[in-house]
Amino acid sequence: MLDLIILSLYFFICFLISIAIWRGPKDVDLHSSSTGGAEMEPDFLIFIGKEEDIKKSQRITAKVNGREIVVFYHEGKFHALDSRCYHEGGPLCRGEIEDIDGQACIVCPWHKFKIALETGEGLYEGINPLEPSPTPKWQSKGVKQRIHKVTIDNGNVYVSPPDLSVSFDSDYFADKYKNGGELAMGK
């Protein structure tokens, strides 16, 4: 009988260890061609990747303080913003960049919301019904998407950690998908 109890305890402990190993750490940054790992550098800048690599791929996702961001290289400039759309959390890393009224914008692949890369403003086309012949014009909804400051130094691309004392609509989805990132995209 004692042998059966010891054997049962042995299997129970092995079961607990296998669960702990299977669950493992959830916020591990893996280096690959599409997802960059973030490393803290002096001056609190976070290393995202090599400038030339990002120029070639045009975009890269990375974790910054557990938050998934996407860095775009478009028409000679780097832009970084939360990777989840402020509207319903669509994956901006999969969106297309369009020129809208002179501004480079990422178009969310889920619902076609347009976000200015430079400012994080949500844009929409609207009309003024009081005009004699109303014509649609691009207008701003205000800043909806958190953007991140990008710094280039010696061929390396860095971003500054977000200032969370100011909130943006995209913060909700950045927090919601914090541990899942690309793996929790769904839809």
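Interatomic distance, OH of Tyr73 versus CD of Glu51, reported as 7.5 Å (0.5 Å rounding). The distance from the CD1 atom of Ile69 to the CD1 atom of Ile147 is 11.5 Å, given to the nearest 0.5 Å. From Asp99, atom CG reaches atom CD of Glu75 across 7.0 Å, with rounding to the nearest 0.5 Å. Note: Phe78 CZ to Ile60 CD1 = 10.0 Å, rounded to the nearest 0.5 Å. Asp101 CG to Lys137 NZ: the interatomic distance, rounded to the nearest 0.5 Å, is 10.5 Å. Note that CH2 of Trp138 is 4.5 Å distant from CD of Glu125, once rounded to the nearest 0.5 Å.
Put simply, the side chain of Glu121 reaches to within 4.5 Å of the side chain of Gln103, judged on heavy atoms. Side-chain atoms of Ile115 and Lys144, non-hydrogen and from C-beta on, never get closer than 4.5 Å to each other. Side-chain contact between Lys141 and Phe113 is present, with heavy atoms from C-beta onward closer than 4.5 Å. By the 4.5 Å heavy-atom criterion applied to side chains, Leu45 and Asp153 are not counted as neighbours. When side chains are defined from C-beta on, Asn65 counts as touching Ile46, because their heavy atoms get closer than 4.5 Å. When side chains are defined from C-beta on, Leu117 does not count as touching Cys105, because their heavy atoms never get closer than 4.5 Å. You'll find the side chain of Asp82 stays beyond 4.5 Å of the side chain of Leu92, heavy atoms only. Looking only at side-chain heavy atoms (C-beta outward), Gln139 and Asn128 stay at 4.5 Å or farther from each other.
No donor-acceptor distance shorter than 3.5 angstrom exists from the side chain of Gln145 to the backbone of Thr119, with no hydrogens or angles considered. When atom types are taken as modelled, the side chain of Ser83 and the backbone of Glu68 share a donor-acceptor pair closer than 3.5 angstrom. With hydrogens and angles disregarded, no donor-acceptor distance shorter than 3.5 Å links the side chain of Arg59 to the backbone of His74.
For Glu118 and Lys77, the salt-bridge test passes: some basic side-chain N is under 4.0 Å from an acidic carboxylate O. Checked for salt-bridge contact, Arg67 and Asp171 meet the test: a charged N lies under 4.0 Å from a carboxylate O.
Two different hydrophobic clusters hold Trp110 and Phe72 under the rule that ILVMFWY side chains link at heavy-atom gaps under 4.5 Å. When hydrophobic clusters are built by joining Ile, Leu, Val, Met, Phe, Trp and Tyr residues whose side-chain heavy atoms come closer than 4.5 Å, directly or via intermediates, Ile97 is grouped together with Val70. One hydrophobic cluster, built from ILVMFWY side chains closer than 4.5 Å, holds both Ile152 and Ile54. Under the 4.5 Å side-chain heavy-atom criterion for Ile, Leu, Val, Met, Phe, Trp and Tyr, Val64 and Val150 are members of the same hydrophobic cluster.
No more than 12 heavy atoms of other residues, nucleotides or ligands sit less than 6.0 Å from atom CD of Glu96. Counting heavy-atom neighbours within 6.0 Å of Lys55 NZ, excluding the residue itself, gives a total above 12.
Scanning all heavy atoms of the two residues, the minimum distance from Arg84 to Tyr177 falls at NH2-CD2, 3.5 Å. For the residue pair Ile48 and Ala62, the shortest heavy atom distance occurs at CD1-CB, 3.9 Å. Smallest separation of non-hydrogen atoms from Pro162 and Arg146: CB-CD, 3.7 Å.
In summary, the side chains of Ser165 and Asp163 do present a donor paired with an acceptor at a separation below 3.5 Å, with no hydrogens or angles considered. In this structure, a donor-acceptor pair under 3.5 Å is absent between the side chains of Asp169 and His87.
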